[in-house]
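As C-alpha cells, the structure follows; a few thoughts come after it.
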Amino acid sequence: MMERLREGANSIWVKIILSLIIFSFVFAGVGSYLAGGNEQVAAKVNDKEISQRAFEQAYQNQRNQMQQRLGDYFSTLMGDPAYVQQFRNSVLERMVNDELIEQRATELGLSVSDAQVKQAIVAMPAFQVDGVFNNEQYNLTLRRAGISPEQFAESIRKDMLRQQFLSALEGSDFALNNELNELRKLESQERVVRTLKLNLADFTDKVTVTDEEAKAYYEKNKTQFTRPAQVKVSYIELSDKNLVNNIKITDKEAEAYYNEHKSKYSTAEKIQVSHILVKGDSDASKAKAEALLAELKAGANFADVAKKSSDDTFSAKDGGKLDWFGKGVMDPAFEKAAFSLAKPGDMSGLVKSSFGYHIILLDGIEEPKVKPFADVKASIVTELQEQQVAEQFYKLQSKLAETAFESPDSLDDAAEAVKAKIIKTGFISLQDEKGVLSDKKVQEALQSPEVHDDGMNSDVIEIAPEHVVVVRVDDARPESVLPFTDVEAKVKTLLAQQKGEKQATEKADSIIAALRDGKSDVVAKDGLSFSGDQTITRSGPDANVARVAFTLPKPKDGKVSYGMTRDNKGNVEIIALDKVVNVAPSKDDVDTQFATQVENMFAQQDLSATLQTLRESAKVTYPMLDKPAN
C-alpha cells in the first residue's frame with residue numbers, strides 16, 4: 001500500500017491533476033496539433049485525428065526533455081530498439097488519453113469562455129514585464145515559438161477544458177480518518193537494519209575470461225558490437241548570436257527612437273473603483289439593484305450600502321473598493337462602464353456583466369506616466385540591436401542560400417560569401433549527435449539521396465528563429481559488425497562483469513542461507529562485517545536498502561530477517577533487519593499533506609478507471625503504427 005501511495009503521489013496523472021496549465025507542453029507542440037491538411041494519421045480517436053506530424057513533434061519534445069534529465073543513461077536506453085518502440089508508444093498513448101478526456105469533457109457540457117482564456121494568458125509570467133502583462137512580449141514569444149495567437153489561445157482553452165474534467169475527479173475523492181490513521185502509522189514506521197556490502201570489483205578483478213569464451217560470446221551476440229551507419233559532415237552555421245557583437249547603437253540613435261515611440265514606454269492608465277454587485281440576471285436581481293441605485297441617488301453613503309448589500313462579500317468588507325486596474329483585465333462590460341466615468345466621485349447607472357448587476361463609483365485615476373529615457377535606454381539599445389541583427393541576418397541567409405545553390409558540390413564559396421567558418425566532423429552516428437546535427441530537419445537532410453548519396457549541399461535549414469545551417473556529407477560508411485579484434489577488450493570486460501555479478505550474487509545467497517541457519521560466524525570467516533545499526537524510514541536516503549528492508553518479514557523470537565539488494569554501482573548489499581519500530585504519527589501540518597497524497601492516489605485510480613471506460617466505449621485506431629485498435 002505504501003509503495004502504491006508513493007507511486008500515486010508522484011505519478012504523471014496526479015501531476016496533471018494538480019497542474020493548472022502545462023505551459024511547456026503547450027509551447028512544445030501546439031502548432032502541430034492545430035495544423036491541418038492532408039497529413040498522415042498516427043491515431044484516430046472516434047472522429048478526431050492525431051496527425052503523424054503532431055505525434056513526431058510530441059515524441060521529439062519528450063525525448064529532448066528525457067535527454068536533458070537523464071543524460072548518457074537515456075542515450076544508452078535509446079540504443080535499444082525495443083525501448084525506443086515502447087517510448088514512442090507511451091507518448092502516443094498519452095496523446096490519445098488527452099483526446100479522450102477532452103471529448104468526454106465536451107460531452108458533459110464543460111466549456112471555457114474567451115474571458116477565462118484571456119485571463120489565463122494575462123496571468124502567465126512568460127508574457128509579463130515587471131509583473132504586468134505585455135502584449136509585445138506576448139507576440140514576440142509566440143512568434144519565436146512558431147505559434148499564432150489564435151493557435152495558442154485554442155491550446156489554452158483545450159488544456160483548461162481537460163483541467164475542468166480532471167479537477168472534478170480530484171474533488172470527488174476523500175479519505176476517511178481511520179484510513180489515514182492506519183496509513184500514517186505504516187508510513188511513520190521505522191526499521192533498524194545493518195548492511196554488508198560485497199564490492200563487485202573484488203569479484204570482477206579475480207575473474208578470468210579465456211579467448212575462447214570471448215570469441216564464443218562475440219559470435220553469439222554480434223548485434224551488440226555493430227557500428228551504426230556513419231557520415232562525415234561539413235556545415236556552415238549562421239546565428240544572430242554571432243552577429244550581435246558587431247552591432248553598435250549610439251546614444252543619439254537610442255534617444256531618437258525613444259522620442260518617436262514614447263507611448264511604448266508609458267505606463268497604462270489605471271483606475272480604482274468601488275462597486276456594489278447584485279448577482280444573477282433575473283428580474284428580481286435587477287429590481288434589487290435598481291432599488292440600491294435609487295437609495296444611493298437619494299444620498300446614501302456608497303461604502304455603507306456596499307457593506308450591507310453587495311454580493312461581492314470580499315470587496316464589501318472594504319466598502320466595495322477594488323484594487324487599481326488597467327484595461328484588458330476586468331469583465332468587458334464592467335471595464336467599459338468604469339473607464340467611461342470622468343472624475344473621482346462619478347457613479348454609474350446599472351451595469352450588466354456576466355456576474356450580475358453592478359453600480360460603480362470612481363475612486364481615483366492614475367494617469368499614464370512616461371518612463372525617463374535613462375530607465376529604458378538599455379532595453380531600447382537591445383531592441384535596436386535585435387532589429388539590425390535580424391536585418392543583417394536575413395541578408396546573409398539569402399546570400400548563403402544563393403551561393404550554396406550555385407556551387408552545390410562545395411561549401412567553400414558559400415563560406416566566403418558570408419564570412420563564416422566551415423565546421424567539419426569525423427565519422428559520426430547521427431543518432432548520437434547533440435546540438436545542431438541532432439535537429440530533426442538537419443538529420444532528414446543528411447539522409448536525403450541528394451545530400452547523402454550525391455554529395456550535394458543541402459538547402460538552408462532553419463533550426464530556430466535567426467538560426468540556420470547548410471550541411472553536406474563528405475563521406476559515408478554503412479552499418480557493419482565490428483571485427484572481433486576491434487572489440488575483444490570490450491567483450492572480455494563485459495564477460496568479466498557478468499561473471500563477477502553472478503559470483504557476488506551466489507556469495508550473498510550462501511551467506512544469507514548460513515545466517516538463517518544460525519551460522520553467525522560465516523561473515524567473520526570471510527573477513528567481512530556488517531555495519532552498525534541504522535534506523536531507516538521508507539523515504540530514507542538509500543532507496544535500494546529501504547525498498548527491500550520494508551518488504552522483509554518482521555523479526556520474531558529474536559531471529560533476524562535477511563534480504564539482498566544492489567546499489568547503484570552494481571555492488572551487492574546484504575540487509576539484516578533487526579527490529580521494527582512503530583512510531584506514533586505527529587499531529588502537525590503534515591497530516592493535511594498526507595491526506596492530500598492519499599486523495600491524489602485515489603484520484604489517480606479513478607482517472608485510470610475512467611480512461612479504461614472511455615477507451616472501451618471509444619473507437620481508437622492507429623493507422624500509421626503497428627498497433628491494433630482497441
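- In terms of heavy atoms, Leu430 sits closest to Val231 at CD2-CG2, 4.1 Å.
- In summary, the side chains of Tyr218 and Glu213 do not present any donor paired with an acceptor at a separation below 3.5 Å, with no hydrogens or angles considered.
- The closest side-chain heavy-atom distance from Asn221 to Val491 is not below 4.5 Å.
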Step-by-step side chain to side chain donor-acceptor pair (under 3.5 Å) determination, Ser429 to Arg227: CA-CA 9 Å; Ser429 301; Arg227 183 188 64 210; over 6 Å; no
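- Residues Leu614 and Leu100 share a closest heavy-atom pair of CD1-O, 3.9 Å.
- Between Phe530 and Tyr562, the ring planes are tilted. Angles from 30° to 60° get that label.
- Judged purely by distance below 3.5 Å, without hydrogens or angles, the side chains of Arg547 and Asn544 pair a donor atom with an acceptor atom.
- Aromatic pair Phe152/Phe127: ring centres closer than 6.0 Å.
- Judged purely by distance below 3.5 Å, without hydrogens or angles, the side chains of Arg472 and Ser234 never pair a donor atom with an acceptor atom.
- Gln189 and Arg191 share a donor-acceptor pair across their side chains, judged by distance under 3.5 Å alone.
- For the residue pair Tyr217 / Gln224, a side-chain donor-acceptor distance below 3.5 Å is found, with atom types taken as modelled.
- Considering all non-hydrogen atoms of both residues, Val560 and Ala576 come closest at CG1-CB, 3.8 Å.
- The aromatic rings of Tyr83 and Phe87 lie parallel to each other, their planes meeting at an angle below 30°, with 60° marking the opposite boundary.
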